[in-house]
Amino acid sequence: MTKQPTLIRSLQLWHIFVIGVGYMAPMAVFDTFGIVSNVTKGHVPTAYLLTVAAILFTAFSYGKMVQAYPYAGSAYTYTQRTINRPLGFLVGWSALLDYLFLPMINALLTGIYMSAVFPELPQAVWIISFVMLITVINIWKINISVSFNLFLVVFQVLVALFFILLSVRGLIQEGGEFTIQPFYTEEIQLNTLLAGASILCFSFLGFDAVTTLSEETKNPTKTIPRGILLIALFGGCLFTSVSYFAQSLYPDASVFQDPEGASAEIAYHIGGILFQSIFLAAAISSTLASGIASMISSSRLLYAMGRDQVLPKKYFGYVHPRLGTPLFNVFLVGLISLSAVGLDLLLATSFINYGALIAFTFVNLSVIAYYFRSKPARTVSSFFQYLVLPLIGFSFVAIFWFSLHMHSILLGLSWTLIGSIYLLVITRFFTRPLPEYTFLAGE
């Protein structure tokens, strides 16, 4: 019997880091600044610090699960292996919202950006061109996609650093001071910080997406957890630093004509039309890098579900023998992303938020389940790592759930209901078990 082609282990730590940071989109800090500044009453950097503290607990849980199950399915695999296979399917199904809708959002944002510069061309032209580009890039070996993303990520980080330099110059010229005011004032309130953190937590989605690359990473049980930690810490440092200088320049977000579009106003104010143009180029490179990374992750999650035969294995579990990529999945995600032509940004964002929180929730619970099932030797250290820390992570995620808009919850529950009906069909109302792939030694 001929062995089926599988994913190729070729990624190292720097590849994982680039993919995760690209997914996270460094320029996103500017997109949310005006909104979160309003919500937190001028304490965006503190909200970021709170978000990083919350996210690191869940990042730790992802790291533990990768060490236990270094496979491609992420939260889907962890839940089905530690808690329950049908529940694992529903978690994977729900997480697909996060992975499938992010390429659409990036396509839509690119269309919005480019239409603002070239209004004579329909927005659909830019969306279709964007989707075709990220699909072609993802067809080839994953190392090619990562190399392309490296350039985009470096460009974004350089623009962010240049923004900090211009902010320092602007503060000096305007006679401003570097104070702790963006972090703390007497008016600071915990409830507003939590509300801001619930918005900002979705800026850190890159750290969990790289777990879908476990089967393409060399020594994944060490490399992926390190990558997760580096991605989360790098994002936290960059976002907090940029937001500190932006908040120092703009203590009150009411000065913006449009808080949701504050980034363009900030860029023009501190660097004129030239920096605004560079800023726009960085914003487009951000959507491109995130689009490439999210297509990588979504195609690998579909691959894991296809290999398990909960989705048709012939298509979803297929890997091209020469390219080493799940080719049909890449094309499928590209086709789905084309729906951005008629997509509403708020609707797509709602789906992503729900899917991400489902994944975060059950990864923390999977660590706890793994502890009670697979850790017969109970030590103080294991109790702390496998019970206390994931419980703290779960508690932070619960706070984010309470802050989630009801619109997001209803849309997400509708998608989960569709998955539940599909689950009933393939299990014949649970009269037959879900199929499960048995990993061979060395896989």
Side-chain angles (χ1 to χ4, degrees), residues 54-99 201 205 207-215 220-222 224-225 228-229 232 297 300-301 304-305 307-310 354-402 412-413 416 419-420 423 426-427 430 433-439 443:
I55 286 296
L56 282 177
F57 288 100
T58 297
F60 182 84
S61 292
Y62 271 100
K64 286 298 176 186
M65 284 290 91
V66 171
Q67 291 174 341
Y69 303 101
Y71 311 130
S74 191
Y76 156 73
T77 296
Y78 310 148
T79 307
Q80 69 159 204
R81 299 272 169 168
T82 62
I83 302 176
N84 177 270
R85 273 190 280 174
L87 181 61
F89 169 80
L90 290 177
V91 168
W93 180 270
S94 300
L96 278 173
L97 290 174
D98 173 15
Y99 291 116
C201 76
L205 296 184
F207 79 85
D208 75 300
V210 298
T211 59
T212 62
L213 304 175
S214 295
E215 291 177 47
T221 56
K222 289 186 177 180
I224 298 291
I228 289 171
L229 183 62
S297 299
R300 271 59 178 181
L301 176 55
M305 298 178 79
R307 184 180 54 193
D308 280 350
Q309 299 183 60
V310 295
Y354 177 88
L357 288 183
I358 284 286
F360 288 179
T361 299
F362 281 95
V363 168
N364 283 306
L365 293 177
S366 294
V367 176
I368 297 170
Y370 177 75
Y371 169 75
F372 283 107
R373 282 190 176 185
S374 307
K375 289 286 179 183
R378 304 289 167 82
T379 64
V380 174
S381 175
S382 64
F383 177 81
F384 186 73
Q385 292 182 60
Y386 293 94
L387 187 60
V388 175
L389 293 183
L391 276 176
I392 296 173
F394 176 83
S395 301
F396 274 117
V397 175
I399 294 172
F400 295 150
W401 271 114
F402 281 113
L413 287 175
T416 302
S420 301
L423 181 62
I426 63 175
T427 61
F430 299 110
L434 276 175
E436 184 178 33
Y437 182 78
T438 302
F439 290 92
E443 284 192 299

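Being a predicted model, the structure only gives us computed values, none of them experimental.
Among all heavy-atom pairs drawn from P220 and S214, the shortest one is CB-O, 3.4 Å. Heavy-atom minimum distance, A54 versus F400: CB-CZ, 3.9 Å. Taking each heavy atom of A72 and A304 in turn, the nearest pair found is C-CB, 4.1 Å. Smallest separation of non-hydrogen atoms from V363 and A75: CG2-CB, 3.7 Å.
Inter-residue side-chain proximity for Q385 and Y371 is flagged as unmet; no heavy-atom pair is nearer than 4.5 Å. Using a 4.5 Å heavy-atom cutoff, the side chains of L389 and K64 are not in contact. A 4.5 Å side-chain heavy-atom check between Y99 and D208 finds at least one atom pair inside the cut-off. Put simply, the side chain of I368 reaches to within 4.5 Å of the side chain of F372, judged on heavy atoms.
Note that the CG atom of L301 and the OG1 atom of T211 stand 9.0 Å from one another [nearest 0.5 Å]. The distance from atom CZ of R81 to atom CE of M65, rounded to the nearest 0.5 Å, is 12.0 Å. Annotation: the span from S94 atom OG to L357 atom CG amounts to 11.5 Å, rounded to 0.5 Å. Rounded to the nearest 0.5 angstrom, I358 CD1 and T79 OG1 are separated by 9.5 Å. Interatomic distance, L229 CG to F60 CZ, rounded to the nearest 0.5 Å: 10.0 Å.
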Side chains of residues 82-93: which donor-acceptor partners sit under 3.5 Å, not counting sequence neighbours?
unit_1 : atom_1 : unit_2 : atom_2 : d
T82    : OG1    : Y78    : O      : 2.6
T82    : OG1    : S366   : OG     : 3.4
N84    : OD1    : L87    : N      : 3.0
R85    : NH1    : L434   : O      : 2.6
W93    : NE1    : W415   : O      : 2.8

The test is side-chain contact (heavy atoms from CB on, under 4.5 Å); show your working for T58 and T361 and say whether it passes. CA-CA 8 Å; T58 297; T361 299; over 6 Å; no
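In this structure F207 satisfies the ring pair (Phe, Tyr, Trp, His ring centres under 6.0 Å) test together with Y62, F360, sequence neighbours excluded.
Side chains of T212 and S74: no donor on one and acceptor on the other come within 3.5 Å.
Between W401 and F396, the ring centre distance reaches or exceeds 6.0 Å.
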